[in-house]
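Working notes for the structure below.
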Amino acid sequence: MAWARTGAAVTDDDRIGRDEAGAVLRRTLEMLRPYRRGLLAAVAVLVVYTASLEAGPLIVGVVVNHGLVGGHRSARVVEVGAIAYISVAMVMGVAERAQILMVNRVGESFLRDLRIRVFDHILSLSMPFFDREQTGRLVARMTSDIDALEMLVQQGLLVFVTSALLFSTVLVVMAVLSPLLFVVTLVVVPPVVVSSQRFRRDSNAAYLVVRDRIGQTLSALQESLAGVRVVQAFGREREQHERFRARNEAQYEANVHAVRISARYFPTVELASVAATAIIVVVGGLMVHAHLTQVGTVTSFILYLGLLIDPIQQVSQLFNLVQQSGAALHKLYGLLDVAPDVAERRGALDLPRGGDLVVAEVGFRYRPDLDPVLDDVTIAVPHGSRLALVGPTGAGKSTLAKLMARFYDPTDGRVTYGGVDLRDATLASLRRRVVVVPQEGFLFHGTLLDNVRIAAPGASDDDVRQALRTIGAEARFDALPDGLLTEVRERGSRLSAGERQLVSLARAALADPDVLILDEATSNLDPGTEADVEVAMGALMHGRTVIVIAHRLSTAQRADAVAVVDAGGVVEHGSHDQLVARGGPYAALFAVWAGAPTG
Ligand code: ADP
């Protein structure tokens, strides 16, 4: 059905202005440079195809004029004409095949490279970006936007380009062939263009409704399925049926309406085309009688008319798709233009091995329009010592930890390691020296071995084993049926929270950083694993500078120093004993914790 060819409907989100469209086009041409040769070849083949398509009517005209009518008609012209016609048709067939392959190959290569570019770019961006952007929107860039382009490449691009080329060149050919007939023919072009535009607009609106109704039917289905137990428990099938039936009916109505629009459009264009033919026959016929033109020329004209009307139809049907693809490219280019917030400075230097980690007069806000989360924080963590950050939820502990690892840059003040501002350090040396162990380590598809190896891609199996041994977890994982070759995702939920923690810690051990930033798990682990995790943390901390966000005061108790963070500032700083003796906020916290039945 022609309807399906119109592709997706266009919402406001899919529209871009003229200037933006121009910019998108320029940039796309720029990005197409690597495929220059393929593109040139495709254009050459396209020209051959169009020329051979247009040669047909011309040959017919010559055959009629010199082979069939007039005083000097010759059978030879008919024979040669037939051979020429067949030859041209064969060339056209070959060119068509070649152009489909060539245009699609260039299009697909472009998309393949665009996908990897966007993917790499997203990965290169820093935390502030991921705070601003929802994952869903990023995924949409890679799915619906790329899909729109994919659809254009597969179904529309070639037709669009050939149609445009055909339309403009047929106009020229007709004008040259007989200016007078050309002008007469032009009379039918405006109605076709106008009704095509109306069709585009109406069918777009209708398709949006269809899309919306499909969504509603699906959501009714989804809800009924999700709630099937409740529905059956209370015998409410009837109501569910009614709800689904109503939406299903609405979807039917929308589809019928959409078809009605197509049903109106296509006969209109057909009619215009017939009317044009009639006009050419009448006017052309009169001209032939008046010896102003020849029968063959009129014949050519009638044949050319088809080549003129078809492209208008094709282009109007593809217009939405083209528009949507333009918008998709615009959004993708916008994403590619986002610069990383945390970037490496030119002439950045490697962080030294070892040194104190110093936070100096740091203030921080996540976004300029948000309140500061940290204000004038100064704290030093001497080389090789352990600092525990404690304080209520939302106080700013994680934020402080993230600044220490340069996931963000401070708004005021600076964070230095071994005297070097983190902003002046190479990112590679920073990630090597400072490693963050999050509360919940993410597990990727693959074996345990591979999951630990993520911390150091070049590490051998033995290195990984060594890391596990360091934190005392080797035996535990070896005891699994497949040992270190256990597929963690398949075991997925069966890997306990504690075991996932151990994987996280093993990654850090493998990375072997100088500074370790640990976010202690808040959730209670099962007692068996808890002890293992404690041992692992102890082993991992050994000989390193450690900052730990402590949720258990036992962790704070074992640290060299404790900083109490509250409302974006460090309100107390000292050793556990000092702070307890002082009788301030920490002492109060500790008293509550120590007195509590569980800790
Ligand atoms: P803590 O670790 O002490 O619980 P956080 O550092 O996580 O505290 O949070 C401190 C404050 O910063 C909170 O008010 C929190 O809502 C806010 N915050 C944390 N992360 C973000 C973020 N990515 N974007 C905006 N605000 C954030």
Side-chain angles (χ1 to χ4, degrees), residues 122-139 338-343 357 359-379 381 386-415 422 434-442 497 501 504 508 515-524 537 546-557 559 561-574 576 579 584-586 588-590 592-593 599:
I122 290 177
L123 282 193
S124 81
L125 293 173
S126 29
M127 286 305 138
F129 172 80
F130 294 104
D131 290 343
R132 291 192 299 269
E133 288 286 329
Q134 290 143 1
T135 314
R137 285 189 30 167
L138 292 178
V139 173
V338 175
D341 301 77
V342 175
L357 184 71
V359 174
E361 294 154 14
V362 159
F364 179 72
R365 48 179 91 214
Y366 277 100
R367 285 204 314 263
D369 55 317
L370 293 180
D371 288 335
V373 173
L374 295 176
D375 184 34
D376 196 21
V377 173
T378 297
I379 195 162
V381 191
R386 288 182 210 175
L387 171 74
L389 298 173
V390 300
T393 306
K397 304 180 295 293
S398 316
T399 306
L400 185 56
K402 286 185 249 176
L403 291 174
M404 289 171 166
R406 205 189 170 204
F407 280 179
Y408 299 84
D409 282 329
T411 316
D412 300 304
R414 70 215 150 273
V415 181
L422 297 190
V434 183
V435 161
V436 178
V437 180
Q439 257 190 32
E440 290 268 335
F442 184 83
Q501 274 269 292
S504 251
V515 180
L516 192 65
I517 299 178
L518 276 166
D519 195 352
E520 192 176 40
T522 39
S523 55
N524 281 323
M537 285 197 2
V546 177
I547 293 94
V548 54
I549 299 172
H551 298 293
R552 271 170 271 271
L553 291 192
S554 55
T555 308
Q557 210 172 352
V562 176
V564 180
V565 182
D566 200 355
V570 173
V571 293
E572 271 191 318
H573 183 204
H576 169 82
L579 294 186
Y586 181 78
L589 268 179
F590 187 70
V592 171
W593 178 77

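Quantities reported herein were computed from a predicted structural model and do not represent experimental measurements. In each ligand, atom 1 is the first atom listed, and ligand 1 is the first ligand listed.
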- Note on the structure: Atoms of ligand 1 under 4.0 Å from any heavy atom of Lys397, numbered from 1 in the order shown, are 1 (P), 2 (O), 3 (O), 4 (O), 6 (O), 8 (O)
- Query: Which is it for Asp131 and ligand 1 at heavy atoms under 4.0 Å: side chain, backbone, both or neither?
  - Reply: side chain
- Query: Any N or O on Leu370 sitting closer than 3.5 Å to an N or O of ligand 1?
  - Reply: no
- Query: Just how far is it from atom OG of Ser504 to atom CE of Met537, taken to the nearest 0.5 Å?
  - Reply: 11.5 Å
- Hey, which atoms in ligand 1 end up nearer than 4.0 Å to a heavy atom of Thr393? 4 (O)
- Message: If the test is side chain to side chain contact (heavy atoms under 4.5 Å, CB included), which one of Ile547, Ile549, Val548, Val435 qualifies with Leu518?
- Response: Val548
- Query: In terms of residue, atom name and distance, what is the protein heavy atom nearest to atom 14 (O) of ligand 1?
  - Reply: Gly394 O, 4.0 Å
- Query: Yes or no on side-chain contact (heavy atoms from CB on, under 4.5 Å) for Leu553 and Gln557, after CA distance, side-chain angles and deciding distance?
  - Reply: CA-CA 6 Å; Leu553 291 192; Gln557 210 172 352; 5.9 Å; no
- Task: Quick one: look up the protein heavy atom nearest atom 6 (O) of ligand 1 and list residue, atom name and how far away it is.
- Result: Thr399 OG1, 2.4 Å
Table please: side-chain donor-acceptor pairs of residues 389-399 below 3.5 Å, with sequence neighbours left out.
{"residue": "Lys397", "atom": "NZ", "partner": "Gly391", "partner atom": "O", "Å": "2.9"}
{"residue": "Lys397", "atom": "NZ", "partner": "Pro392", "partner atom": "O", "Å": "2.9"}
{"residue": "Thr399", "atom": "OG1", "partner": "Tyr366", "partner atom": "OH", "Å": "2.8"}

- Nearest 0.5 Å, what's the NE2-CG distance between His551 and Asp519? 4.5 Å
- Message: I'd like to check which ligand 1 atoms, numbered from 1 as shown, lie under 4.0 Å from a non-hydrogen atom of Ala395.
- Response: 1 (P), 3 (O), 8 (O)
- Contacts of type salt bridge (Lys or Arg N to Asp or Glu O under 4.0 Å), residue Asp412, not counting sequence neighbours: none
- In ligand 1, which numbered atoms sit nearer than 4.0 Å to a non-hydrogen atom of Pro392? 3 (O)
- Which heavy atom of the protein is the closest neighbour of atom 2 (O) of ligand 1, given with residue, atom name and distance? Ser398 OG, 2.4 Å
- Locate the shortest heavy-atom distance separating Leu403 from Tyr408; write the atom from each residue and the value. CD2-O, 3.6 Å
- Message: What I want to know is whether Tyr366 and ligand 1 share at least one N or O pair that is separated by under 3.5 angstrom.
- Response: yes
- Message: Suppose we measure from atom 11 (C) of ligand 1 to each protein heavy atom; which comes out shortest, and what is that distance?
- Response: Val373 CG1, 3.5 Å
- Tightest non-hydrogen contact, residues Ala563 and Ile379, listed as CB-CD1, 3.4 Å
- So is Gly396 in contact with ligand 1, going by heavy-atom distances below 4.0 Å? yes
- Item | Sub-4.0 Å protein heavy atom near atom 23 (N) of ligand 1 | yes
- Query: Where is the tightest heavy-atom contact between Phe364 and Pro410, given as atom of each residue plus distance?
  - Reply: CD1-CA, 4.0 Å
